[in-house]
> 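Provided herewith is a single structure, encoded as structure tokens, for subsequent inquiry.
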Amino acid sequence: MNKIYKDATQAIEDIHDGATILLGGFGLCGIPENCITALVSKGVNNLTCISNNAGVDDFGIGLMLQKKQVKKMISSYVGENAEFERQLLSGELEVELIPQGTLATRCMAAGYGIPAIYTPAGVGTEVAHGKEVRSFDGKEYLLEMAFNADFAIVKAWKGDTMGNLIYKETARNFNPLMAMAGKITIAEVEELVEAGELDPNQIHTPGIYVNRIFEGKNYEKRIEQLTVRDS
Amino acid sequence: MNKIYKDATQAIEDIHDGATILLGGFGLCGIPENCITALVSKGVNNLTCISNNAGVDDFGIGLMLQKKQVKKMISSYVGENAEFERQLLSGELEVELIPQGTLATRCMAAGYGIPAIYTPAGVGTEVAHGKEVRSFDGKEYLLEMAFNADFAIVKAWKGDTMGNLIYKETARNFNPLMAMAGKITIAEVEELVEAGELDPNQIHTPGIYVNRIFEGKNYEKRIEQLTVRDS
Amino acid sequence: MALDKYQIAQRIARELKDGYYVNLGIGIPTLVANYVPQGIDVILQSENGLLGMGPFPIKGEEDADLINAGKQTITTLPGSSFFDSAMSFGMIRAGKVDLTVLGAMEVSENGDIANWKIPGKMVKGMGGAMDLVASAKNIVVAMMHTNPKGESKLLPNCTLPLTGVRCVKKIVSDLAVIEVTLDGFKLLERAPGVSVEEIISKTAGKLIVEGEIEEMKF
Amino acid sequence: MALDKYQIAQRIARELKDGYYVNLGIGIPTLVANYVPQGIDVILQSENGLLGMGPFPIKGEEDADLINAGKQTITTLPGSSFFDSAMSFGMIRAGKVDLTVLGAMEVSENGDIANWKIPGKMVKGMGGAMDLVASAKNIVVAMMHTNPKGESKLLPNCTLPLTGVRCVKKIVSDLAVIEVTLDGFKLLERAPGVSVEEIISKTAGKLIVEGEIEEMKF
């Protein structure tokens, strides 16, 4: 059994034009920087990207948007990205906006073999258009489908050779959920260790969900909103 | 804010006759020993207990069965308990058997504000009687409802004064799921520490789900099937 | 005098109770954290996966892996916990968050809220707002009573795409504290020096005024 | 000679492939772990919340918090992970477990399985069996071909309450290896010294026999 890949280029080699890809991260926090760079270099096109945000103009998924590699973006929040807005308004980019909790739970559902979930988010709004509304205990819910994605690309703090992953702080966000949801899951980690070096009680994503793993390089970890206090 | 209770007796004081209680543990592993003892002492009756197993004759939920405190047992596996079998066959005890994954996921659904889930477990069997069957992508699923329980009683390895919990090894099992699912959640822990002593990256149950916490005493941690090798 | 944004936050902070788990939206709601009454512990939830949000980091100690839902660098407090986004919205949907404070572009007299989209002008997305308003038991809106043109933002019906329906419980605006009742907006308090008449004139939706309306004190 | 339970386990172990995640039921299936072919890594899943189950502990080193789904004390291996029961059945339902081996009281020619209840006699519950059979892509049943009275347990239709429908892919009994096809049972291999005629006579369900049936070698 070998899940270890040399680098991002090798790990994403078979991602094809038209693929549907889940990408972990919240804003620029916990995004798979190495894989995004490799996807840009590879020049794969017509992608459907599912990610909470769309990056900023010159970082994260924004890099793929600049190269017009993305056909459709499925996100919950897409502000702070001028090129994104331009493509959206010009009709070059298809966009589906869905509530953040729905996005997260549709990933989890896929990873848990649950075909669809009921959520109250979006009832009575345009998000509900065309969806089944059902009442349980007097409250209304929408039926939302589990994602069905070709690839999931996630970023973890530490990983081991069996594919077990541990995330750091709020860089966890969507990563463990998307890791469970891809038909093929690719994990890039800041530190790749031997099996047995991670405490089995503290694994966030068990290796069964991870098909490929590699140690990433040169993480920039850009901060989107630097807020500090003096003392 | 104070979630800290002195002991099991104080923590379960308001559990009333007829209450529905979720109890963590798998077999005798990770069961809330202190609270079970306190429930037996208190002599509360007509309980509906939801727990993966029903203990053994003289340990775990078996102790409550001996005192005939349980009106209805909802479990996935109830073997290895003679008194249980007697009460079941004599009609003294109502029993609802449900698939283990369904039990786990119905707890999680409650804790995640999801009113119902679809699962393939039990399709075409007597478990499906009276339930909605629905097809997604050509596969059939049953609609199963989230639990609605008055109390959840769980056992953790470590906990802090904010109610954060960490479980050890396979004693985790149903505990984090049930901790999320009770209207009131009571956690007994082997070691209660100050807030800040546990690594926030390693919390299994965030304190928001825990209403009461206390440090348990005299854990027996009985082993149901001792299996060893020589070298 | 109408309240400034700090006073709005300060007034909302009086809704806090000891032990509350609270989710604060971006903008004025974030400021509420600065006015937690003495002797009260509240725990801030950030929907990107944190309970126990602390203040901004000291300069130089910022950590790119530790941000809030507004993408600002933050810190943790003793007793914090991290979790994934599914659990985060799980606890929100399950009603474990006691108070949610968020901004609004419009609120209607039956409690509908619009705050995520202006057709043809602004499409940033709803983020977690739709989950929050659909789930929270207790939603307080922090907003200006009128838009820059002086038009009321408290309406009979929202004109913008909705974020959620019949969910807002209370509004703290620059002019008033208003409860959303089954019968419409109900005036509870007025800003210092702001007359009931002014509030009536700037509230387009049905406004119930009963008895003496007290002035807020700061 | 019919196979003994160790040989059944040994034959099933030949179904394992490198990198497989495997769930082994209680009884004969558990023994499969002892016959993993050399040069192959398989990872055992225990549905009570463990990936990477190791052998029984050395005497005196048993840990009450570390058991398998059969409630036996066990150990971990390098690369193990613990998780809760929802995630455990989540990975099962999502089809991440490559092979599931379990026992059966009856299997029908269309792949139905009964193994959890004998009305009026035995009510232990289904445990995780219903989830496993409803979800796994690849289910191998380890069973005796006949019951103690000599009656076939491979039937046209199950007579006992079902655990799952149309799910069993392969059966390894004491007499034969049988594939469950759309047309019924198909004989693949026979136990050493067991004749095709004996297998036919002890299989109540429709049995397809095509060409030469090879004898298993041990």
Side-chain angles (χ1 to χ4, degrees), chain B residues 1-4 22 104-117 145-149 152 156 158-167 176-185 187 189 192-213, chain C residues 16-23 36-54 63 65-68 74-100 128 130-137 164 167:
Chain B
M1 187 180 61
N2 180 26
K3 300 187 175 196
I4 304 160
L22 292 153
T105 314
R106 287 173 66 188
C107 293
M108 191 183 72
Y112 274 23
I114 297 172
I117 53 120
M145 297 297 154
F147 282 119
N148 183 13
K158 292 184 182 180
D160 72 16
T161 52
M162 305 277 281
N164 294 304
L165 304 178
I166 294 177
Y167 309 91
L177 306 168
M178 291 180 167
M180 297 193 299
K183 284 202 199 74
I184 293 175
T185 292
V189 299
L192 181 61
V193 303
E194 286 300 316
E197 290 188 37
L198 303 177
D199 180 345
N201 287 294
Q202 292 163 16
I203 304 298
H204 296 132
T205 297
I208 194 171
Y209 284 114
V210 176
N211 304 91
R212 305 173 188 174
I213 189 167
Chain C
L16 300 171
K17 290 183 183 154
D18 189 41
Y20 259 23
Y21 291 91
V22 179
N23 184 294
V36 178
Q38 285 226 327
I40 278 184
D41 281 331
V42 301
I43 300 107
L44 300 180
Q45 201 251 17
S46 192
E47 66 265 28
N48 56 320
L50 170 62
L51 269 170
M53 179 165 63
D63 176 350
D65 291 324
L66 182 47
I67 64 170
N68 65 16
I74 49 158
T75 57
T76 57
L77 294 171
S80 286
S81 57
F82 296 107
F83 34 83
D84 65 43
S85 300
M87 180 178 264
S88 182
F89 284 95
M91 61 184 68
I92 287 169
R93 279 194 306 262
K96 303 292 176 186
V97 174
D98 299 292
L99 178 66
T100 296
M130 282 195 182
D131 307 273
L132 281 160
V133 301
S135 308
K137 295 167 290 193
C167 53

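Residue numbers begin at 1 in each chain, while the letters A, B, ... track the order of the sequences.
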> Output the option from C:G19, C:S80, C:G90 having the highest count of non-hydrogen pairs under 4.5 Å with chain B.
C:G90

> Using non-hydrogen atoms only, which part of B:L198 is less than 4.5 Å away from chain C: side chain, backbone, both, or neither?
neither

> Evaluate the side-chain contact (heavy atoms from CB on, under 4.5 Å) criterion for residues B:I208 and C:V97: first the C-alpha distance (whole Å), next the side-chain angles of each, then the deciding distance (0.1 Å), finally the verdict.
CA-CA 8 Å; B:I208 194 171; C:V97 174; 4.1 Å; yes

> Can any side-chain N or O of B:Y112 pair as donor or acceptor with the backbone N or O of C:S88 at less than 3.5 Å?
no

> Could you give the distance from OH (C:Y21) to OH (B:Y209), rounded to the nearest 0.5 Å?
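Rounded to the nearest 0.5 Å, the OH-OH separation comes to 11.5 Å.
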
> B:N201, B:I114, B:T205, B:I203: which one forms the most heavy-atom pairs within less than 4.5 Å of chain C?
B:N201

> On a heavy-atom basis, which atom in C:K96 and which in B:G182 lie closest, and how many Å separate them?
NZ-O, 3.5 Å

> Do you know which of C:G95, C:G79, C:G49, C:A86 has the most heavy-atom pairs with chain B at a distance under 4.5 angstrom?
C:G79

> Taking all non-hydrogen atoms of both residues, which atom of B:P206 and which atom of C:S81 are closest, and how far apart?
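Looks like CB-OG, 3.5 Å.
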
> With a 4.5 angstrom heavy-atom cut-off, is it the side chain or the backbone of C:V42 that approaches chain B, or both, or neither?
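Interface part for C:V42: neither.
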
> What part of B:A109 gets within 4.5 angstrom of chain C, counting heavy atoms only: side chain, backbone, both, or neither?
neither

> Below 4.5 Å from any heavy atom of chain B, which atoms of C:S135 appear? Answer side chain, backbone, both or neither.
neither

> Tell me which of these, B:G207, B:P200, B:G163, B:G196, has more heavy-atom pairs under 4.5 Å with chain C than the rest.
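Of the candidates given, the most pairs with chain C belong to B:P200.
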
> So which heavy atom on C:P78 is nearest to which on B:A195, and how close?
CB-O, 3.7 Å

> Counting only heavy atoms from other residues, nucleotides and ligands, does the tally under 6.0 Å from NZ of C:K137 exceed 12?
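Yes - once you tally the heavy atoms of other residues, nucleotides and ligands closer than 6.0 Å, there are more than 12.
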
> Quick check on B:D160 against chain C: is it the side chain, the backbone, both or neither that has a heavy atom closer than 4.5 Å?
side chain

> Relative to chain C, which segment of B:M108 carries a heavy atom at a distance below 4.5 Å: side chain, backbone, both, or neither?
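Neither part.
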
> Might you work through the side-chain contact (heavy atoms from CB on, under 4.5 Å) test for B:M162 and C:I43, ending with a clear yes or no?
CA-CA 10 Å; B:M162 305 277 281; C:I43 300 107; 3.9 Å; yes

